[in-house]
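A quick write-up on the structure given underneath.
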2 protein chains.
Amino acid sequence: MRPTARQVAELAGVSVATVSYVLSGRDRPVAPETRQRVLDAARQLGYTPNQAARSLRKRRTQRVCLVLSTVGGVPSDARLAMDLHEMADARGYSVVTLSVDSAARAQAAVEVLRGGIADGALIRVTGDHLERDLLSGLAATGLPMVVMSNESGLEGCDVVRTPEVEACAEAVGHLLDTGRRRIAFMGQRYEVYREQPEGRLLGYLQAMDRHGSAERIITGGADDRVAAYQTATELLGSPDRPDAIFAASDRAAISAIWAARDLGLSVPGDVAVVGVGNIDEGLISNPQLSTVGPLRHDYTDVVRLLFDRLQAEEPPPAREIVRSWTFVRRGSS
Amino acid sequence: MRPTARQVAELAGVSVATVSYVLSGRDRPVAPETRQRVLDAARQLGYTPNQAARSLRKRRTQRVCLVLSTVGGVPSDARLAMDLHEMADARGYSVVTLSVDSAARAQAAVEVLRGGIADGALIRVTGDHLERDLLSGLAATGLPMVVMSNESGLEGCDVVRTPEVEACAEAVGHLLDTGRRRIAFMGQRYEVYREQPEGRLLGYLQAMDRHGSAERIITGGADDRVAAYQTATELLGSPDRPDAIFAASDRAAISAIWAARDLGLSVPGDVAVVGVGNIDEGLISNPQLSTVGPLRHDYTDVVRLLFDRLQAEEPPPAREIVRSWTFVRRGSS
DNA sequence: CTGTTAGCGCATTCAG
DNA sequence: CTGAATGCGCTAACAG
């Protein structure tokens with residue numbers, strides 16, 4: 001049985017109130033000697049306050065929740081997590097992470113958040129599992145939250161958007177401007193099989209629309225490196241192979257470069273390759289990877305939104321920030 | 001204000017006990033009509049039980065905690081998380097993840113676990129942040145836990161070990177047997193700068209000891225892909241370059257292959273490369289990556305340990321399992 | 001079949 | 001400076 005404040009109090013010969021005041025360090029005057037007795041007793045018993053009881057009473061958990069698609073997902077998730085951890089540490093919060101990689105787990109995650117696991121949430125879930133209505137419903141409970149998403153109609157929370165459509169269109173436009181005509185789009189499953197094109201696929205389509213002549217080639221396969229390699233191998237092995245591949249992730253793009261080289265094709269001579277995300281790995285690939293994404297992976301502005309909201313007296317008005325994305329041309333295109 | 005069971009009860013015209021029984025689905029008989037009124041009231045108010053209150057009362061959270069080094073860490077973390085999520089779902093638990101990438105956060109994580117955030121923990125933290133004493137202290141509180149670690153002296157919990165020393169020694173032995181004499185070890189910071197060699201470095205050293213003649217070359221740089229690329233470039237650019245690189249991770253090994261090729265060296269002709277981890281990416285690298293690690297990334301046995309412990313009446317005796325690791329020779333060596 | 005009651009462990013009044 | 005009493009929201013035992 002874990003020791004309780006009551007047991008500490010008995011051992012120290014004081015009341016539970018005194019134990020609480022000493023250990024939570026509030027500004028009630030406590031005699032130095034009493035304080036020491038309490039601290040000794042707590043140490044001796046290995047006492048740690050029960051968080052469930054504490055949050056029930058204080059109506060705060062001092063925790064924030066990071067909601068991501070998968071453990072070990074995109075590299076930028078790691079940067080986001082770093083920045084969140086850093087600011088949370090500084091403000092006395094701890095961080096728990098929830099992972100949402102199916103509709104069922106999205107439902108479960110919302111349930112956990114509604115159950116009060118944390119005082120606020122930073123949510124970045126790709127794919128279509130966490131639907132707008134779920135999120136808006138969650139925000140309607142008053143939970144402070146920041147959502148990184150380009151979806152429209154997110155009410156009651158701060159929203160962080162990314163101009164990925166425009167940036168991807170620019171990248172594909174660059175491919176067209178440099179003479180490429182058979183440009184393949186290699187996307188993630190959820191993006192390719194959506195009814196209405198959005199995001200990266202939409203950027204590709206918009207750019208292609210401006211050059212009506214160019215042929216559209218759309219495939220999946222960007223979900224993991226091996227699948228991307230196989231998809232690229234098929235694309236590039238066909239008689240009417242594309243002269244460019246626009247991949248929805250840098251990891252997939254690098255797989256495409258590998259596939260090209262293994263087929264004896266030169267990059268960018270025979271086929272240009274552009275990815276999305278601007279991960280560091282693109283700097284050491286050969287050739288270096290052209291990509292679209294943020295120039296610096298700094299998420300402190302996003303994280304600050306959450307803590308502003310947490311520490312506000314009144315719920316502040318919903319804010320929206322748009323992060324900047326750039327097309328970075330390097331050797332692969 | 002989030003609605004409480006009391007408000008649901010008032011709206012439905014019943015007592016809070018009835019609300020509790022209806023919503024938690026226990027086997028107390030409730031009149032169908034009453035049940036429906038409760039459900040309607042709950043839906044109308046958007047009621048979700050307060051988990052803090054519930055766990056305080058039930059002395060269970062129905063949550064398990066996964067403790068990892070970093071968000072977006074090694075690929076096998078993702079597989080471990082998948083298997084944990086799957087079994088947790090099946091048994092009505094949710095999963096929260098804690099990340100530990102510094103000694104301070106290790107302390108904080110232990111505090112959170114002691115505070116009762118979950119009913120049990122699955123812990124896999126590389127590096128030296130989460131020390132044995134911290135872990136044993138945590139286990140001593142009675143928290144069911146499974147630790148994936150080769151550290152000795154872990155008391156009161158199940159331990160999952162990996163024969164990485166032997167497997168790495170085998171890999172390096174293979175390099176020696178095939179005539180390599182200048183074999184560089186490229187490790188993670190925490191492993192290279194430890195007083196006593198352990199783990200992968202120890203395996204390397206043991207193998208090298210058996211061939212007294214071979215020269216030892218030990219570097220860091222395996223922490224991320226870019227650092228590994230730079231380190232490998234330096235190693236291979238020197239006049240007395242190594243004829244083999246044993247990297248402490250597959251990702252670093254692949255960076256080493258890139259570095260070699262960018263220097264015009266052939267792999268494995270001029271330099272052999274072996275990694276650790278057996279990630280899928282090794283199958284599409286060129287040449288395919290030789291590696292040591294598990295043949296299949298299946299962690300259900302590990303996860304089962306935890307749930308066995310959670311669902312046991314009595315705390316079961318501490319168990320230990322040893323997972324199997326194999327040297328997989330492929331094209332890069 | 002349903003309501004009343006007594007805590008779970010803690011933080012916080014209010015008395016002293 | 002310290003202690004006793006109250007209740008956060010919920011579940012489980014006990015009455016009815």
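Letters go in sequence order (proteins before strands), and every chain restarts at 1. As the structure is a prediction and not an experimental result, all values here were calculated from the model.
Residues in residues 73-100 of chain B take part in these salt bridge (Lys or Arg N to Asp or Glu O under 4.0 Å) pairs, two or more places apart or across chains: A:R105-B:D89, B:D77-B:R124. Sorted by first and then second residue, the pairs that involve residues 92-137 of chain B and meet ring pair (Phe, Tyr, Trp, His ring centres under 6.0 Å), not counting sequence neighbours, are B:Y93-B:F307. The stretch residues 107-117 of chain B participates, sequence neighbours left out, in no salt bridge (Lys or Arg N to Asp or Glu O under 4.0 Å) pair at all. Among pairs with a residue in residues 55-72 of chain A, none fulfils salt bridge (Lys or Arg N to Asp or Glu O under 4.0 Å), at least two apart in sequence or across chains. Identified under the salt bridge (Lys or Arg N to Asp or Glu O under 4.0 Å) test for residues 131-145 of chain B, with sequence neighbours left out: none.
Residue contacts shown for B:S55 are absent, as no nucleic acid heavy atom lies under 4.0 Å away.
In this structure A:R35 satisfies the side chain to side chain contact (heavy atoms under 4.5 Å, CB included) test together with A:V22, A:V30, A:L39, sequence neighbours excluded. In this structure A:A78 satisfies the side chain to side chain contact (heavy atoms under 4.5 Å, CB included) test with no other residue, sequence neighbours excluded. Under the side chain to side chain contact (heavy atoms under 4.5 Å, CB included) criterion, A:V160 pairs with A:V146, A:M148, A:V302, A:L305, A:I321, A:R323, not counting sequence neighbours. The side chain to side chain contact (heavy atoms under 4.5 Å, CB included) check on A:R309 picks up A:P144, A:D158, A:P316, A:A318, with sequence neighbours excluded.
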The contact string for nucleotides 9-16 of chain C, one letter per nucleotide 5' to 3', using protein heavy atoms under 4.0 Å with B, S and - for base, sugar-phosphate only and none, comes out as BBBBBB--
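In terms of heavy atoms, B:V38 sits closest to B:V19 at CG1-CA, 4.0 Å.
Note on the helix from C:dC1-D:dG16 to C:dG16-D:dC1: angle between the axes of the first and last five pairs equals 50°, rounded to 10 degrees.
Protein chain B touches strand DNA chain D; the 5'-most and 3'-most nucleotides with an atom under 4.0 angstrom of its non-hydrogen atoms are D:dG9 to D:dC14.
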